[in-house]
*Asks:* 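Handing you this structure, nothing more for now.
Nothing here was measured: the structure is a model prediction, and the numbers come from that model.
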Amino acid sequence: MSTAEALEKRIQELEERLAEVEDVQAIHNLKSRYGALADARYDRKGVRPRAELERIASEITQLFSEDAIWDGGPGLGVCQGHDAIYARFLEPTLLFSWHYFVKPRIQVDGDCASGSWDILAPCTTADGRPHWMAGAEDDEYRRVNGHWLHSAMKLRVAFMAPHERGWIVKPPSR
């Protein structure tokens, strides 16, 4: 192999490695945006006004492919497609949440990828009680028009434990 051929091969290998690193970083950014938007549905007083929820639910929906499946498990249900995902995020089941996604394990294979993230989420249930929720989210991703999107997301809750003092958000008075 000539020096020029070796250099060309080395550049191609580096380009492939860089593309994979960029894909993994794009998926990190996608998951970060999802968590930020899911949490943006709440403020210190509880659930945000309907107009804000509509905007946020629309933004969350755009992070999913048209045929995506969002699976929140037995407690939160399953929905498929943009309309169902939008409807799901338009109706929060909590008064507060703050998602921490950690220990990502991401595998990229061309225009598809899979990932698993541990999740820790302090949250306040609809009755005003604070909880710690921990578990994992298993994701599938697809590159659509050059952008990574969720094609499937499945929450596996390891535990949901009450926390009697802490970040309590009181339910709105009716």
Side-chain angles (χ1 to χ4, degrees), residues 9-42 56-125 130-163 166-167:
K9 181 181 179 197
R10 179 72 175 141
I11 289 171
Q12 181 180 357
E13 289 170 352
L14 289 171
E15 287 175 344
E16 289 170 4
R17 288 174 54 198
L18 177 60
E20 183 173 347
V21 168
E22 289 175 337
D23 288 341
V24 168
Q25 185 61 48
I27 291 168
H28 273 255
N29 291 342
L30 173 68
K31 192 66 170 185
S32 176
R33 182 73 178 139
Y34 168 78
L37 287 169
D39 297 336
R41 296 175 300 156
Y42 313 100
I56 294 166
S58 179
E59 288 185 44
I60 291 171
T61 301
Q62 298 310 307
L63 302 177
F64 290 83
S65 62
E66 287 283 341
D67 60 346
I69 298 171
W70 182 92
D71 183 348
L76 298 172
V78 178
C79 52
Q80 182 171 8
H82 275 184
D83 290 344
I85 292 169
Y86 174 81
R88 174 65 189 81
F89 282 95
L90 190 58
E91 301 296 335
T93 57
L94 300 170
L95 296 177
F96 170 81
S97 72
W98 199 265
H99 292 69
Y100 292 94
F101 292 110
V102 297
K103 297 189 305 195
R105 294 158 307 278
I106 299 169
Q107 296 293 318
V108 176
D109 184 10
D111 287 337
C112 295
S114 61
S116 183
W117 304 76
D118 286 359
I119 180 174
L120 177 65
C123 57
T124 303
T125 55
H131 287 74
W132 287 107
M133 189 279 290
E137 282 194 358
D138 299 315
D139 297 346
E140 298 294 326
Y141 310 99
R142 186 179 318 135
R143 191 186 333 251
V144 177
N145 298 323
H147 300 285
W148 285 102
L149 299 174
H150 294 92
S151 58
M153 181 185 296
K154 180 175 180 58
L155 172 64
R156 292 181 289 118
V157 175
F159 68 81
M160 180 100 164
H163 178 71
W167 56 86

*Asks:* Give a yes or no on whether the backbone of Asp67 and the side-chain of Gln80 come within a donor-acceptor separation of less than 3.5 Å.
*Replies:*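 Judged by distance alone, yes, a pair lies under 3.5 Å.
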*Asks:* Nearest 0.5 angstrom please: Arg142 CZ to Ser65 OG, how far?
*Replies:*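 Arg142 atom CZ to Ser65 atom OG measures 4.0 Å (nearest 0.5 Å).
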*Asks:* Before you tell me yes or no, could you show the steps for Trp148 and Val108 under side-chain contact (heavy atoms from CB on, under 4.5 Å), namely the whole-Å CA-CA distance, both residues' side-chain angles and the distance that decides it to 0.1 Å?
*Replies:* CA-CA 11 Å; Trp148 285 102; Val108 176; 4.2 Å; yes
*Asks:* Check this for me: Gln107, atom CD, are more than 12 non-hydrogen atoms of other residues, nucleotides or ligands nearer than 6.0 Å?
*Replies:*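 Counting other residues, nucleotides and ligands, CD of Gln107 stays at 12 neighbours or fewer.
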*Asks:* Using every non-hydrogen atom in the two residues, find where Ile27 and Ala113 come nearest and quote the distance to one decimal.
*Replies:*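 Looking at all heavy atoms of both residues, the closest pair is CD1-CB, 3.6 Å.
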*Asks:* Using modelled atom types only, decide if a donor and an acceptor are shared between the side chain of His82 and the backbone of Thr61 within a distance under 3.5 Å.
*Replies:*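 Yes; at least one donor-acceptor contact below 3.5 Å.
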*Asks:* Classify the ring geometry between Phe101 and Tyr34 as parallel (under 30°), tilted (30 to 60°) or perpendicular (over 60°).
*Replies:*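 Tilted: the ring planes of Phe101 and Tyr34 meet at 30° to 60°.
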*Asks:* Carefully, step by step, assess Asn29 and Arg33 under the rule side-chain contact (heavy atoms from CB on, under 4.5 Å).
*Replies:* CA-CA 6 Å; Asn29 291 342; Arg33 182 73 178 139; over 6 Å; no
*Asks:* Using every non-hydrogen atom in the two residues, find where Tyr42 and Ser97 come nearest and quote the distance to one decimal.
*Replies:*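 Closest pair (atom of Tyr42, atom of Ser97, distance): CE1-OG, 3.3 Å.
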*Asks:* Quick check for you: to the nearest 0.5 Å, what is the distance between Leu18 atom CG and Asp23 atom CG?
*Replies:*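 Between Leu18 CG and Asp23 CG, I get 9.5 Å after rounding to 0.5 Å.
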*Asks:* Give me the one residue out of Asp139, Leu63, Ile69, Asp138 that meets side-chain contact (heavy atoms from CB on, under 4.5 Å) with Met153.
*Replies:*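 For Met153, the side-chain contact (heavy atoms from CB on, under 4.5 Å) test succeeds with only one of Asp139, Leu63, Ile69, Asp138, which is Asp139.
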*Asks:* Begin with the C-alpha distance, continue with both residues' side-chain angles, and end with the deciding distance and a verdict on side-chain contact (heavy atoms from CB on, under 4.5 Å) for Val102 and Leu120.
*Replies:* CA-CA 8 Å; Val102 297; Leu120 177 65; over 6 Å; no
*Asks:* When rounded to the nearest 0.5 angstrom, what distance separates CG in Asp109 from CD in Glu20?
*Replies:*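 Between Asp109 CG and Glu20 CD, I get 9.5 Å after rounding to 0.5 Å.
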*Asks:* Between His99 and Ile119 (side chain of the first, backbone of the second, donor and acceptor by atom type, cut-off under 3.5 Å), is there such a pair?
*Replies:*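 Not confirmed, His99 side chain does not pair with Ile119 backbone.
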*Asks:* Is the Trp117 to His28 ring centre distance short of 6.0 Å?
*Replies:*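 Yes, the ring centres sit under 6.0 Å apart.
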*Asks:* Any chance you could measure Lys31, atom NZ, to Ile106, atom CD1, to the nearest 0.5 Å?
*Replies:*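 Answer rounded to 0.5 Å: 9.5 Å.
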*Asks:* Could you give the distance from CD (Glu137) to CG (Asp71), rounded to the nearest 0.5 Å?
*Replies:*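 The CG atom of Asp71 is 10.0 Å from CD of Glu137, to the nearest 0.5 Å.
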*Asks:* When you compare the side chain of Trp132 with that of Phe159, does any pair of heavy atoms fall below 4.5 Å?
*Replies:*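 Side chain of Phe159 against side chain of Trp132, heavy atoms only: contact under 4.5 Å found.
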*Asks:* Of all the heavy-atom pairs spanning Arg88 and Cys79, show the shortest one and how long it is.
*Replies:*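 It is CB-SG, 3.9 Å.
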*Asks:* Any idea which heavy atoms bring Cys123 and Met160 closest together, and the distance?
*Replies:*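 That closest heavy-atom pairing would be SG-CE, 3.5 Å.
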*Asks:* Is the count of non-hydrogen atoms from other residues, nucleotides or ligands lying under 6.0 Å from Asp83 atom CG greater than 12?
*Replies:*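 Not more than 12 within 6.0 Å, no.
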*Asks:* What heavy-atom pair brings Pro92 and Phe89 nearest, and what distance separates the two atoms?
*Replies:*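 Closest pair (atom of Pro92, atom of Phe89, distance): CD-O, 4.2 Å.
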*Asks:* Carefully, step by step, assess Arg105 and Asp118 under the rule side-chain contact (heavy atoms from CB on, under 4.5 Å).
*Replies:* CA-CA 9 Å; Arg105 294 158 307 278; Asp118 286 359; 3.3 Å; yes
*Asks:* Can you measure from SG (Cys112) to OH (Tyr141) and round to the nearest 0.5 angstrom?
*Replies:*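 So the SG of Cys112 and the OH of Tyr141 are separated by 12.5 Å.
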